Amino acid sequence: MTELSGKIAVITGASAPRGIGQAIARRLATDGATVVVTDMEGAFSLEGRSYDRTELLNNLANEIAANGGTALPLSLDVTQVDDITRCINAVRDRFGRIDILVNNAGSLAGSAAFMETAPDQWESSFRVNLLGPVMLCQAVIPAMRAAGGGRIVNIGSTGSLGAEPGFGAYTAMKHALAALSKTIAAEEGQYGILCNTVCPGFIMTDMHMAANRRLAEEAGIEVEEMQARRYATVATRHAGQPEDVAAAVAYLASSQGRYVTGINLPVTGGVPYGI
């Protein structure tokens, strides 16, 4: 028996290749959980290459199954309450319970200076980074109460802990997400539901590496020099891996985290958070 045997975990934003969501899904499946991997439908582009989210989710589920785990891919737009209801009902009908929710889906909308962030960017950031997790938590908490408890892990960022120039609405929403975790922890602990926020720093996802290359090109320097500049303030002097974030989530979802709730857990290599 592994640590999470018999547990049902729902993970949002799990389609991106070399992404945090996929790493979390693999780790929880390795630890024995049945993982429901979700993302919105449609395609997205990364460095000139187009990816289909549904295909990526199916590939992830097949990979987990090939390694002895159990995974169910489902479409889910976290900004649509009807979509959330459909998805959560499908999970409950299939498995009878929901033990773990990982709110990983997020958006960099609103990553601009405060005075340059338009109302529609605020609204977009709010709907994905805050309202989506709110609605998902409200959707799964009744099932968790009925089961005698559960774990909710919200994926924040260093923007949940401090503020730096140029991230406007994104920082505000990530702060609010951490506050949401504390509110749920305070209200739902009596029902055995624990809620925490994991706050990644520089993590070597495809999107992060693409950003390094773009910044290096704009500055007219090599990628290695740009990375050295960006990581100079990190105590370890390097970025983390998606698996580092997944390990933190696995801890909070496991029996080892049974007396931990309402915290912000930095996975940053020791980086200052700004103001």
Side-chain angles (χ1 to χ4, degrees), residues 1-44 46-47 49-76 78 87-88 90-106 136 140 143-144 147 150-155 194 196 198 200 203-210 238-258 265 267:
M1 296 290 288
T2 48
E3 178 65 40
L4 298 179
S5 291
K7 302 297 184 182
I8 308 300
V10 176
I11 304 155
T12 69
S15 71
R18 193 58 189 161
I20 290 173
Q22 288 208 2
I24 292 170
R26 292 187 184 99
R27 174 58 189 267
L28 297 189
T30 297
D31 288 353
T34 293
V35 294
V36 180
V37 290
T38 75
D39 213 326
M40 64 192 302
E41 295 180 337
F44 69 95
L46 183 64
E47 293 196 294
R49 181 177 176 183
S50 180
Y51 295 89
D52 180 77
R53 292 184 177 90
T54 300
E55 182 180 355
L56 289 168
L57 284 181
N58 289 335
N59 290 343
L60 175 62
N62 290 337
E63 175 196 328
I64 289 171
N67 288 320
T70 303
L72 173 67
L74 289 177
S75 64
L76 173 60
V78 302
C87 180
I88 296 305
V91 176
R92 293 187 67 180
D93 290 345
R94 176 77 174 269
F95 301 110
R97 59 190 293 140
I98 298 171
D99 302 288
I100 302 163
L101 169 65
V102 182
N103 281 312
N104 173 69
L136 275 155
V140 304
M144 289 183 174
R151 308 294 173 87
I152 298 172
V153 182
N154 293 319
I155 305 301
L194 309 181
N196 296 285
V198 171
I203 302 297
M204 276 294 192
T205 62
D206 285 336
M207 290 183 66
H208 177 74
M209 291 185 284
H238 63 80
Q241 299 296 325
E243 292 75 18
D244 297 320
V245 182
V249 173
Y251 161 69
L252 293 171
S254 75
S255 63
Q256 297 176 65
R258 64 182 177 270
L265 177 55
V267 183

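This one's a predicted model, so the numbers in the text were calculated from it and none came from an experiment. Worth knowing before you read on, the calculation uses all heavy atoms, side chains too, and leaves out hydrogens, waters and symmetry mates.
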V78 and A105 have their tightest heavy-atom pair at CG1-CB, 4.2 Å
Rounded at 0.5 Å granularity, tell me how far CG in L57 sits from CD in Q22.
7.5 Å
Using modelled atom types only, decide if a donor and an acceptor are shared between the side chain of N196 and the backbone of V153 within a distance under 3.5 Å.
no
Test M209 against M204 for side-chain contact (heavy atoms from CB on, under 4.5 Å), laying out the working first.
CA-CA 6 Å; M209 291 185 284; M204 276 294 192; 3.2 Å; yes
Test item: N67 side-chain N/O and G69 main-chain N/O as donor-acceptor pair under 3.5 Å
no
Taking NZ, NE, NH1 and NH2 as the nitrogens, is one of them in E63 or R26 under 4.0 Å from a carboxylate oxygen of the other?
yes
Which one of V102, L101, I152 satisfies the side-chain contact (heavy atoms from CB on, under 4.5 Å) criterion with L136?
L101
Exercise: identify the closest heavy-atom pair between P200 and I20
CG-CD1, 4.2 Å
Using a cut-off of 6.0 Å, state whether more than 12 heavy atoms not belonging to M207 lie near its atom CE.
no
From I8 atom CD1 to R92 atom CZ, the distance as rounded to the nearest 0.5 Å
12.5 Å
Measuring only between side-chain heavy atoms, which start at C-beta, is H208 closer than 4.5 Å to I203?
no
Minimum-distance pair of heavy atoms, taken over all atoms of Y51 and P17
CE2-CG, 3.8 Å
Looking only at heavy atoms, what is the nearest atom pair of G257 and L194, with distance?
O-CD1, 3.5 Å
Please walk me through it: do L72 and R94 pass side-chain contact (heavy atoms from CB on, under 4.5 Å)?
CA-CA 10 Å; L72 173 67; R94 176 77 174 269; 3.5 Å; yes
Is the shortest heavy-atom distance from the side chain of I155 to the side chain of V249 under 4.5 Å?
yes
Verdict with reasoning, V245 to N104, per side-chain contact (heavy atoms from CB on, under 4.5 Å):
CA-CA 11 Å; V245 182; N104 173 69; over 6 Å; no
Roughly how far, to the nearest 0.5 Å, is the CD1 atom of I64 from the OG1 atom of T30?
8.0 Å
Assess whether side-chain contact (heavy atoms from CB on, under 4.5 Å) is satisfied between V140 and V10, documenting all intermediate values.
CA-CA 10 Å; V140 304; V10 176; 5.8 Å; no
Value for CZ (R27) from CD1 (I11), rounded to nearest 0.5 Å, stands at 12.0 Å
Working to the nearest 0.5 Å, report the span between CZ of R53 and CG of N58.
14.0 Å
State, to 0.1 Å, how close P242 and T205 come at their nearest heavy-atom pair, and which atoms those are.
CG-CG2, 4.2 Å
For E3 and S255, indicate whether the former's side chain and the latter's backbone hold a donor-acceptor pair under 3.5 Å.
yes
At their closest point, which heavy atom of L4 faces which heavy atom of A253, and how far apart are they?
CD2-O, 3.5 Å
Check whether any side-chain heavy atom of P73 sits under 4.5 Å from a side-chain heavy atom of L60, and report yes or no.
no
Can a donor-acceptor pair be found, under 3.5 Å and without considering hydrogens, that links the side chain of D93 to the backbone of A90?
no
So among L76, D39, V37, I24, which one has a side-chain contact (heavy atoms from CB on, under 4.5 Å) with T12?
L76
Ignoring hydrogens and angles, tell me if any N or O in the side chain of T2 forms a donor-acceptor pair with the backbone of D31 under 3.5 Å.
yes
Working to the nearest 0.5 Å, report the span between CZ of R151 and CD1 of I100.
7.5 Å
